[in-house]
2 protein chains.
Amino acid sequence: MLKKKITLKHIARELEVSISTVSKALKNSEEISRETKEKIQAFAKLYNYKPNNIAISLKNKRTKNIGVVIPDIVHHFFTTVVRGVEKYANTKGYNVIVCLSDESFDKEVINMELLANGSIDGFIMSLSSGTQKENDYNHLKEVTEQGIPLVLFDRITNEVECDKVIIDDAMGAYLATKKLIEQGRKRIGLITTHDYLSVSKARTTGYQKALKEFGVSEQQDLILKMPSMEMDGQLIENFIKNSKVDAILTVNEIFSIYGMQVAQDLGLKIPDDISFIGFTDGLLSKYANPSLTSIAQHGERMGEISAEMLIQKIESEEEEETYQTKILEPTLIERNSTIN
Amino acid sequence: MLKKKITLKHIARELEVSISTVSKALKNSEEISRETKEKIQAFAKLYNYKPNNIAISLKNKRTKNIGVVIPDIVHHFFTTVVRGVEKYANTKGYNVIVCLSDESFDKEVINMELLANGSIDGFIMSLSSGTQKENDYNHLKEVTEQGIPLVLFDRITNEVECDKVIIDDAMGAYLATKKLIEQGRKRIGLITTHDYLSVSKARTTGYQKALKEFGVSEQQDLILKMPSMEMDGQLIENFIKNSKVDAILTVNEIFSIYGMQVAQDLGLKIPDDISFIGFTDGLLSKYANPSLTSIAQHGERMGEISAEMLIQKIESEEEEETYQTKILEPTLIERNSTIN
DNA sequence: TTGTAGGCGTTATCAG
DNA sequence: CTGATAACGCCTACAA
């Protein structure tokens, strides 16, 4: 019953020719006679011969695999990036090996080391919070020193020389804050995470820049820093109750969604009494009630660009030591949490 | 600057011993003298020697890679499954290659054929809608005939003999419908997709079973079949307006979320005038307003079980021709769309 | 205790 | 036009 994979050797033996003749015949080489080629090709087709990827990888020192290392996969933004990577990679004949660091430094290191031993031709990754906290990038440096191309996206670091793709997080926060100010909001809060996350830091900067630039006199920083990646509902509730904000910008969707619920429970009208803008224009923003105005991060595009940059590096012969950082423009998507 | 990967050959040449001596020494073989072993191990460590995965794969005919083929990755349920697969696979030293079929039969076929040529040791997959529509499973049969283990989850077919993992979709729909009936709902609608999707079909069956079993006299089927995977807001709106339902069960989250918005726009109170239950207990259900009662599909557990079954098959020597189907119990998670 | 040889499946070079 | 040989990196049975 088992139709095991057939190899060049089998064909050669069966047809009583040499392995190299078979190999050439299947490549339609000019060296081989029409007759022999036809015989071999017919036989190969009949038995559904397909070359073994692993053997080819060993020979070519090319796997046609891309390693994508992300902190979490149950996460809208990262999945859109993966989709973008897949999309581009597939057109170029590459497969995508997905590894989850689970926001852990150790897992990130282990995963990368494993894949770096020949399983992939290059990495596309976003740093785990654990890594950004430890601020230790030796595993990345080792990879690049071995000549394995690396593209960092979204959560990046300046410690490593490699190609990078991000959106202009500061500008995103700036745009959002500006929008709120222009709507006449006077006390604009920011709910963020720790600054060791590169993106949160950049967003905070953008928020502060806008405040400074357009700042109404009484304006001041109203920043809530969540202690962990998890959401702490109580903190948000207290923040809304005590800080008397009339607008809130959050570095993700969840904080906003939850904030809106708290606000509504407190009897506040959205957006009349308080308005919200979140980051990461995902499903939650679209389907929230009221729908959430948010800063689109263009994950899919980011994935495509990352894959393009990576494959370009993989396939370029020369050892170019030039790296670039592509910065995408964020887009403000207006919904009912700021307008009605 | 480039510290290229070092091989056994390099070490052997450098230390003026044979390759096999190096190989054995690094495996701490008894055959090799203490002295030689120490010398070799020290050198290997210094130069950070790591065996090449590809070479080992070729030799062992084992890649330690699992191919996961799913219709879409920007999708909560599938990502939870992937996470479960990763979790279990990693503990067993396997990597996960993710391929997206994009709901397309053709892409599913291409992806699988590519990976089947030696890149993976087994498949975990959920059928694309395109495949279920075509009802053509030859690509799956070929894979299993080649002796490559396959586990189907969620969207499965009886046409292929292999291990399967699903939740009891009929029971899920039955439980939900029963709950609605017990709450005194009289006109319970179902919003689903085409029946060629195995899960939608099963859910419809469960819904009808409950209606029949508990059916209030006036009860009848109030079924809206969405023509595509995409959501058509207009159809839902008309359905709610015209069918006079006082409860709706939907085969995913989105239909419910959207339905709730339509209902609220029509001035209906949830859950007083109309209540909702959806499938796939994801973020949307949790953060919707009101929060959505839903049937949890236990994706992560499903992924773990799939991986466990697959790896068990991969690593078992014998050609067992026995396949099992594991059926997980769905769980009804009550939220504010049915209670307040 | 160490080394040689052959093989995993493929391709490229060179010889016949 | 066809085939033998070596090589990719590793492992292992068998010699020495």
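This one's a predicted model, so the numbers in the text were calculated from it and none came from an experiment. Order of the sequence lines fixes the chain letters, A, B, ..., with proteins taken first and strands second; residue numbering starts at 1 for each chain.
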Asker: Whether A/Ser57 contacts D/dC8 is assessed here as follows: a side-chain N or O lying under 4.0 Å from the phosphate OP1 or OP2. Is that the case?
Answerer: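 Looking at the OP1 and OP2 atoms of D/dC8, neither is under 4.0 Å from any side-chain N or O of A/Ser57.
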Asker: Nearest whole angstrom, please: distance from the C1' of C/dT1 to the CD1 of B/Ile40.
Answerer: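 Rounding to the nearest Å, CD1 of B/Ile40 and C1' of C/dT1 are 11 Å apart.
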Asker: Going by distance alone, is a donor N or O of one side chain under 3.5 Å from an acceptor N or O of the other, for B/Ser101 and B/Ser104?
Answerer: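 Note: B/Ser101 and B/Ser104 side chains miss the donor-acceptor criterion.
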Asker: What is the separation between atom CG on A/Asn53 and atom C1' on D/dC8, rounded to the nearest whole Å?
Answerer: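 Checked: the CG to C1' distance equals 16 Å.
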Asker: Atom CZ of A/Arg62 to atom C1' of C/dT11: distance rounded to whole Å?
Answerer: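 Rounded to the whole Å, the gap is 16 Å.
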Asker: Looking only at the side chains, is there a donor atom on one of B/Thr80 and B/Glu300 sitting less than 3.5 Å from an acceptor on the other?
Answerer: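 B/Glu300 and B/Thr80 do not have a side-chain donor-acceptor pair below 3.5 Å.
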Asker: Please examine the side chains of B/Ile97 and A/Val96, heavy atoms only from C-beta on, and report whether any two atoms are closer than 4.5 Å.
Answerer: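 No, every pair of side-chain atoms sits at 4.5 Å or beyond.
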Asker: Looking only at non-hydrogen atoms, find the nearest pair between A/Ile54 and B/Ser57 and report the distance.
Answerer: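 Heavy atoms only, the tightest pair is CG2-CB, 3.9 Å.
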Asker: Between B/Glu108 and B/His139, does any side-chain donor sit less than 3.5 Å from a side-chain acceptor?
Answerer: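 Judged by distance alone, the side chains do pair up.
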Asker: In this structure, how many angstroms lie between the C1' atom of D/dT2 and the NZ atom of A/Lys27, rounded?
Answerer: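 Taking NZ of A/Lys27 and C1' of D/dT2, I get 17 Å after rounding.
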Asker: Students often mix this up, so state it plainly: with edges at 30° and 60°, are the rings of B/Phe77 and B/His75 parallel, tilted or perpendicular?
Answerer: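 Because their plane-to-plane angle is over 60°, the rings of B/Phe77 and B/His75 count as perpendicular.
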Asker: Over how many whole Å does the gap from B/Ile32 atom CD1 to D/dT12 atom P extend?
Answerer: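 So the CD1-P distance, B/Ile32 to D/dT12, works out to 13 Å.
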Asker: Taking CG from B/Asn60 and C1' from D/dC10, how many angstroms apart are they, rounded to a whole number?
Answerer: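 So the CG-C1' distance, B/Asn60 to D/dC10, works out to 9 Å.
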Asker: I need the CG-C1' distance between B/Leu58 and D/dC8, as an integer number of Å.
Answerer: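 Whole-Å distance recorded here is 9 Å.
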Asker: Check each residue of residues 17-24 of chain B for a non-hydrogen atom within less than 4.0 Å of any atom in DNA chain C, then write out the ones that pass by number, or none.
Answerer: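 B/Val17, B/Ser18, B/Ser20, B/Thr21, B/Lys24, in order of number.
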Asker: Return the set of residues passing side-chain hydrogen bond (donor to acceptor under 3.5 Å, both in side chains) with A/Lys107 (not counting sequence neighbours), or none when no residue passes.
Answerer: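 In terms of side-chain hydrogen bond (donor to acceptor under 3.5 Å, both in side chains), with neighbours along the sequence ignored, A/Lys107 is linked to A/Asp102.
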Asker: For DNA chain D, find the residues of residues 6-14 of chain B with a heavy-atom distance under 4.0 Å and give them by number; none if there aren't any.
Answerer: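 Result for residues 6-14 of chain B: B/Thr7, B/Leu8, B/Lys9, sorted by number.
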Asker: B/Lys50 has an atom NZ; how far is it from atom P of D/dG9, in whole Å?
Answerer: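 In whole Å, D/dG9 P lies 17 Å from B/Lys50 NZ.
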Asker: Give the C-alpha distance, both sets of side-chain angles, the deciding distance and a yes or no for salt bridge (charged side-chain N to carboxylate O under 4.0 Å, His left out) between B/Lys313 and B/Asp163.
Answerer: CA-CA 9 Å; B/Lys313 271 282 193 304; B/Asp163 287 326; 3.2 Å; yes
Asker: Taking only side-chain nitrogens and oxygens of B/Tyr49, does any of them come within less than 4.0 Å of OP1 or OP2 of D/dC10?
Answerer: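 True: B/Tyr49 side-chain N/O within range (under 4.0 Å) of D/dC10 OP1/OP2.
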Asker: Does the side chain of A/Thr157 come within less than 4.5 Å of A/Leu152's, by heavy atoms?
Answerer: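 They are in side-chain contact.
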Asker: Which residue, B/Glu31 or A/Lys61, contacts DNA chain D at a nucleotide closer to its 5' end, judged by nearest heavy atom?
Answerer: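 Nearer the 5' end of the strand: A/Lys61.
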